Every structure is written in structure tokens, then in C-alpha cells.
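First up is the structure itself, then whatever we jot down about it.
Just so it is clear, the structure is predicted and the values come from calculations on it, not from any experiment. For ligands, and for the atoms within them, numbers begin at 1 and follow the listed sequence.
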Amino acid sequence: MNFRNESVGPISSFSEHNNTIEGRADNRNFRLTPYNHSIMRVQVSKYDTFDQYPFSVVMKPEDIVADVSENQQDIVLTTDSLEMRVSKSPFRLSFYNCNGDLLNEDDPTFGISWLGEEVTNYKSLAQDEIFLGMGEKSGGLNRRGSSYDNWNSDAFGFNNDTDPLYVSTPFFIGVREGKPYGIFLDNTYKSHFNFGTSNNDRFSYFSASAGDLNYYFIQGDTVNDVIQQYAKLTGTIQMPPKWSLGFQQCRYSYYPDHEVYNIADTFREKKIPADVIYLDIHYMKDYMAFTFDKERFPNPKALIDKLTSQGFKVVVILDPGIATKKGYGTYDRGIEKDVFVKYPDGSAYEASVWPGNSHFTDFTDKKGRDWWADELKFYTDLGLEGFWNDMNEPACWGQDIPDMVEFDYEGQQVTHKKARNVYGFQMVRATYEGARKQIGNKRPFTLTRSGFSGVQRYSAVWTGDNVAGDDHMLLGVRLVNSLGMAGVPVAGYDIGGFVEESSPQLFARWLAVATFAPFFRVHSMVNVRDSEPWAYGEEVEEISRNYINLRYKMMPYLYSLFYRAYQNGTPINKSLAVDYTNDPEIYHGNAQDEFTLGDWLLVCPTTSQQQYSKIYIPEGNWYRFFTDERVKGSQHLVIETSMEDLPVYAKEGAIIPLQSVVQNTHETHDGEMKLHIYHGQVKTSQQYFEDDGETFDFEHEDFYRREIVFDGNARQITLSEKEGSFKSAFKNLKIYLHGFEATDFKINGQDTNISTEDIRLIEPVTEFDPLPQRDKKNYLISDIKFIETELIDSEIEIEWS
Ligand code: MIG
């Protein structure tokens with residue numbers, strides 16, 4: 001049989017019930033359901049019942065008042081923020097905002113089409129349309145002109161052309177004539193997105209190799225609105241344990257135990273702050289999950305206790321393949337509980353991976369996840385609270401799992417074709433839920449390589465096996481920025497590169513950039529050079545310490561940003577496309593790699609080889625973070641870049657709470673909140689959040705939260721009365737006033753003294769002989785004004801004249 005493209009024709013019947021429109025068009029069933037005023041679900045099927053995708057979407061349709069009307073050509077559904085027009089003949093959809101601006105429409109000719117089992121939605125392409133997001137995808141910031149597959153893959157040593165990678169999030173944000181919208185294709189089969197590639201801009205399209213057309217259309221006034229609506233659909237992060245925001249040291253692999261002790265001691269001796277050390281696959285007996293190698297690690301409990309006493313957490317790796325060895329408890333129990341994926345004849349699927357012949361746990365089955373949760377007790381009894389899930393695309397030697405292999409998929413009994421993309425997602429779900437079950441009210445930390453839309457509810461993501469090189473460093477930054485736009489705010493890359501070896505300069509630059517990333521970990525491959533912050537010579541050691549110190553100083557700010565991501569999905573690292581969407585300059589050159597940490601700190605990743613770099617400063621007035629030098633925005637700058645000097649800028653109106661340096665997040669700081677405010681004729685606000693950093697008590701109001709508002713025109717800074725029952729660990733408030741000319745300040749009506757201080761947000765690098773050919777930077781912010789007060793819980797109002 002020859003297939004030709006069949007595009008869906010006219011509507012033959014339809015009905016409306018509670019704002020949901022259902023009907024038939026050309027032997028296809030369709031259903032259109034508003035989820036809220038901004039989100040519309042579109043389902044079109046060639047089967048009698050709609051296909052179910054139970055894993056990603058956690059939102060239920062809200063009860064909203066919408067208006068459905070009909071005329072000769074169209075059915076029109078209108079909500080407060082969105083209008084959907086359904087043309088009747090043929091069946092075509094178009095979406096408008098409430099001002100009547102067209103956001104997105106089906107291609108008039110091809111609309112929704114089937115080609116055999118494959119369903120495609122062709123969309124008209126506006127001349128200036130920009131495409132963002134898609135999560136962990138290589139390439140540039142604007143996805144226009146590119147195309148992508150979603151099929152989770154073990155992409156060892158990937159580069160800027162590699163597609164697909166490990167994680168699939170079939171969600172993009174389009175910007176049409178400056179107006180953003182989002183489309184999430186919730187279909188877990190292999191899918192394909194084309195943003196105008198090889199069709200001379202005739203259309204854009206997205207397709208799934210089987211199943212229904214099942215997508216959510218999102219209207220948002222800004223890119224961040226779209227991201228937040230997507231976060232409503234697929235969920236937000238859990239509050240992570242605070243220690244997971246600290247510096248993390250990994251390698252493939254630290255063993256035996258005395259090497260781990262040694263690494264831990266070295267961090268403390270050298271006063272390089274750190275919170276986490278990882279155990280990669282060599283800790284296991286013959287790579288078997290839920291074991292320790294008795295020769296290499298004779299007493300894991302003692303190791304974990306010792307490291308805990310030094311303020312370290314240990315995170316262990318876990319792969320999904322279970323060795324098929326009789327007498328290996330995990331395997332025997334797995335067989336008994338019947339948790340492994342099977343061939344259609346009922347025999348367990350077997351492939352080779354690290355532990356040799358292996359079966360693969362069916363994490364798409366509750367039974368498999370529950371079994372995994374029980375197995376995890378092996379680790380949690382030892383005091384472990386951090387789990388790293390690898391190889392969960394799933395990967396095995398040869399990387400070609402037969403498509404007929406079957407998975408439960410919440411009782412649907414599907415093949416690898418439908419289940420693959422959610423396998424890693426469900427594995428880390430099982431790990432997270434299992435850890436929660438075992439460690440009670442404490443927050444576990446989980447890290448995954450593979451994932452699908454919604455994975456953020458259970459885990460942080462790292463971008464897999466990158467390569468030591470400047471281009472790869474920048475690619476990693478874009479991947480993290482892009483994951484943030486796809487609802488996955490907690491992500492990072494292997495600092496220094498996993499494959500191959502960094503130069504000292506590259507390692508220093510990579511670590512500096514990663515200081516501002518949500519997930520902050522050094523990792524490298526087996527049989528390559530040592531890659532700890534002290535392994536690249538004294539100068540790099542000092543630079544690394546300076547940046548890691550800065551990371552710990554930024555903890556109050558960073559933690560508040562994680563909380564915001566937990567509340568509403570706002571990315572922690574924001575590509576400039578989030579806040580400066582309609583500035584065309586951000587889609588070219590280096591600006592594509594730039595991002596802000598929160599709303600205020602602009603980070604311009606420059607490479608390690610250049611002495612001068614071109615960077616882009618978006619609109620507004622900015623302060624160079626380490627020197628307070630003023631810079632005007634909306635311009636490209638060529639700046640000198642040296643090994644220790646990452647270009648970072650604070651925006652006018654920036655409100656950045658900092659603390660004193662600690663050696664790990666369990667150590668107490670000096671009790672002084674150092675609130676840095678950057679003057680400008682603007683009004684800005686920053687939420688501040690604090691809690692115990694390790695339990696779920698914050699869910700019962702046991703937190704300390706307040707809103708800090710700066711108003712440069714009204715000449716006012718306010719800290720709202722604190723909310724919640726938690727007592728802040730800070731006693732005093734010291735407000736550093738950057739760029740303020742005024743000298744008369746009142747705190748809650750009382751005159752206050754202005755003092756000045758010389759401060760350093762980052763330390764300079766001390767002299768090394770022989771010096772490289774560059775000036776040693778000083779980074780002293782001299783005579784910086786500050787005011788001080790007790791940090792009381794009631795409102796604090798600061799005024800000046
Ligand atoms: O086949 O566990 O991406 O981070 O160190 C390689 C060993 C398996 C791949 C991971 C990498 C990890 C490595 N793993």
C-alpha cells in the first residue's frame with residue numbers, strides 16, 4: 001500500500017458541552033478543551049478513543065466561563081485571554097489573543113494530516129516568527145530554520161549538531177510579530193519538529209510517529225507567562241535540599257574509599273567550599289545496583305558518616321539495568337515481583353550493559369516503581385539522600401532496543417515506541433518517590449540524564465557526556481537556558497568537560513560560568529587527568545576558590561530563585577529571550593549564550609582563548625558586578641577578558657541578598673544579610689525566601705518570606721513584614737547602596753548613619769610568578785556606602801532624600 005498525505009477535511013458533526021467542543025471531521029475525531037483562560041487542548045485522532053498520555057500533564061481543566069459561538073464558516077471559542085477559531089470546512093484551527101492579534105494558525109492547505117500512522121500539524125509561518133525552547137537541543141537560541149527529533153539517546157561526546165540528545169521536551173515557544181505563544185505536543189512516540197527547514201519557509205510543523213495529535217496551545221503576554229502556564233500543565237520542581245545548591249565534585253570514579261576521604265579532606269584543608277562528593281559506578285560490586293564493592297568500600301556507613309561530619313553529602317549513581325544473576329537479591333526479588341520489561345512472548349528482555357546481561361525495570365508500571373522504592377532502602381539505611389540516575393534513555397551496548405519490547409505504561413501495555421521517551425522520567429520518578437518513602441520528611445536530591453516533559457517534578461537534569469572545549473562549554477550554557485524555557489529550571493553540565501581534557505584556562509572559565517548555573521558540578525571521564533579545582537595549578541585553584549566562595553555568598557539569592565521556580569516555574573537561568581524577547585540583537589553571536597541569574601545578574605560567558613570578547617548588554621543601565629563600573633545597555637561591547645574575570649553585570653534596580661562565605665551549606669554564616677541594591681530610576685522587587693533547607697515543613701508555612709521592593713523614584717526600599725513561622729538565621733541587615741547619591745537615610749522614620757566600606761564581591765587573584773601577560777585585577781569597590789539595622793520581622797522601610 002502506498003501512503004499519500006491525507007489532510008483532515010470538513011467537519012461533519014460537532015457538539016459543545018461545558019466549553020468542550022467534540023466532533024468529527026473527515027473520519028477523524030476531535031476534541032477541543034480549554035484548561036484555563038490561556039490554555040487550549042487540541043486532540044485529533046484517527047481511532048475511536050483518544051490516546052492517553054498519563055505522565056506529563058498534572059493539570060485538570062479549570063471551570064472557566066468561556067463563550068462558544070458559531071457562524072457559517074467558524075466555530076469560535078473565546079476565553080478572557082484567548083480566541084480559538086475552528087474553520088469548519090476544512091477543519092483548521094487558528095488562535096488569537098484578546099486584542100485579536102493572530103498568534104498561530106494551521107497551514108490552510110495541509111492543516112492536520114496523516115501519513116500512514118504518522119500525524120503532522122502544519123502551521124503557517126510568519127516572516128519574522130521566532131522559535132524558542134525545545135529543552136535539551138543543540139543549535140542556536142532561535143530555532144527558526146532548524147529541525148529536531150525527540151527520541152531519548154545516549155549521545156556520548158555530542159556536539160552542536162547532535163540531535164537527539166538525552167532529554168525530550170516537545171514544547172516550544174513561538175513569537176509571532178512580537179507576541180509569544182507556546183505549543184506542547186503531549187505524545188511520547190518519537191516526534192519531529194520542523195521550524196521552516198528545507199521548505200523555504202512554506203510552513204513549520206510538528207509530528208508524532210504514531211498516536212494522536214494531542215497538543216496544548218498556550219497564550220501568554222510574555223515568554224515567562226508562557227513558561228509559567230506550561231509549568232501549570234506539567235508541574236514545577238520540588239524544593240531541593242539546600243546542600244544540592246552547593247558545589248559538587250564528581251568523577252568517574254573515585255575509589256577506593258581512601259581516595260574519597262582524601263578528596264573530602266583536601267576541600268576542607270584548602271578551604272574550597274563544597275557540599276557533595278559522588279560515587280560513580282566503581283563503588284558497586286561488578287556494577288550491580290544496590291551493592292557496594294567490599295574491597296573498595298569495606299565500610300560504606302563509616303564513609304558516609306565521616307563525610308557527613310565534614311559537611312559533605314554523598315550521591316551514588318544508579319543505572320536501570322539489573323544483572324541477571326541468581327542469588328543477587330535485587331535480581332531475585334525483581335523476578336519474584338515480576339518487574340522487568342518483556343518481549344511479547346512473555347520472556348524478559350535481556351541486553352548487555354555495565355553489569356553484563358541485564359533485565360530492565362519497568363518504571364512505567366507502579367509495581368516496578370514500588371519495587372525500586374523498597375530496594376532503595378539499601379542506600380537510605382546507610383544515610384544516603386542523593387541519587388544519580390544514569391543510562392536511563394535507556395542505554396545498553398549497541399543502543400538498539402527492539403521496538404517490540406513491551407512496557408506497562410500505566411496499564412496500557414505499549415511497545416518501546418511509545419514508552420522509550422518516558423523511561424528515564426519514570427525511573428527518576430521511582431527514585432524520587434522511593435527516596436521520599438524511605439527518608440520521611442527530608443528532601444532527597446535526584447539527578448537524571450534522561451527525561452521527558454514533567455521530569456522537573458522529580459529531578460535535576462545534567463546534560464550528559466559533553467566534551468572539554470570552549471564550544472562545548474557555550475553549548476552547555478545554551479542547553480541549560482533552553483531547558484529552563486522547557487520547564488526544567490534545575491540543570492547543569494559537567495564543568496571541565498566529561499570527554500577529553502580541559503586546559504587550565506578552560507577549566508577556570510567553565511567553573512566561573514557554572515557558578516551562576518542552577519546545578520554546579522565538576523565531572524570527568526575515566527582515564528583522564530585529575531579534575532578537582534586544585535588539579536590545574538595554583539592559579540586556577542585560587543580562581544576556582546574565589547568563584548565557589550561567590551557561589552556560597554549568593555546562597556540567599558539563589559535559594560530564593562529556586563523557591564520561585566518551585567512556585568511558578570520561572571527559570572533560574574533565563575536566556576535573554578525570556579526578558580528581552582523582542583530585541584533582535586539577542587538572537588545573534590555571543591548574546592545567544594548570555595543569560596541572567598534571576599532577574600538581575602547578567603552573565604556573559606566568554607571563552608578561554610580570547611583576550612578580548614564581544615558581549616551584548618540588553619536594555620537598561622547596568623553595573624559591572626565586581627567593580628561597580630557603570631555600563632549603558634542596548635549595546636555591544638568589546639571587553640578585555642582575563643582568566644579570572646567573567647563579565648557579570650547587575651541591572652539597575654537589582655536587589656541581591658548575599659551572605660558571608662561558608663565551607664558548606666550546613667555551616668552557619670555570620671548572621672548578617674548583606675543586601676545589595678543597585679540604584680536606578682526604576683521600581684523593582686525581589687522575593688526573599690528562607691527555611692530549614694532540608695524538610696517539607698515549609699509546606700506548612702514554616703518558612704520566612706518577604707518581598708523586598710526598591711523604588712528609585714519614590715526613594716524607598718521596603719522589606720514587607722515577614723510571612724511564615726520560620727525564624728531567619730540572619731540577625732542583622734546591612735544594605736549596600738550601589739550608585740546612590742543621597743546621604744540622608746531613614747530606617748522606619750529614624751535617621752541612620754551612613755558608613756562606607758571597601759568590599760570585594762570576588763577576590764582578586766594573588767600574584768603568580770611568572771605573570772601571564774595581563775594586568776592583575778583588583779575588584780575593589782571602594783568606599784561603598786552602607787546602612788545597617790537589626791533584621792526585625794515587621795515591615796522595614798528605608799527612605800532617603
Ligand atoms: O557508559 O557511570 O553520562 O556521567 O560517569 C558510561 C559512568 C556511563 C555515563 C554518564 C557519565 C558517567 C558514566 N556513564
Audit row: K437, D374, salt bridge (Lys or Arg N to Asp or Glu O under 4.0 Å) steps and yes/no: CA-CA 9 Å; K437 179 175 168 192; D374 292 340; 2.8 Å; yes
Within-4.5 Å side-chain heavy-atom neighbours: V314 and L279: yes
Ring-face cation contact, Y278 with R521, 6.0 Å cut, 45° max: yes
Side chains of N546 and L550 in contact at under 4.5 Å (non-hydrogen atoms): no
Pairwise side-chain contact, D362 with V339, heavy-atom cut-off 4.5 Å (strictly under): no
Near ligand 1, at a heavy-atom separation below 4.0 Å: residues by chain and residue number: Y252, D280, I281, I317, W354, W388, D390, M391, R449, W462, D465, F498, H523
Residue pair Y379 / F387, side-chain heavy-atom distance below 4.5 Å: yes
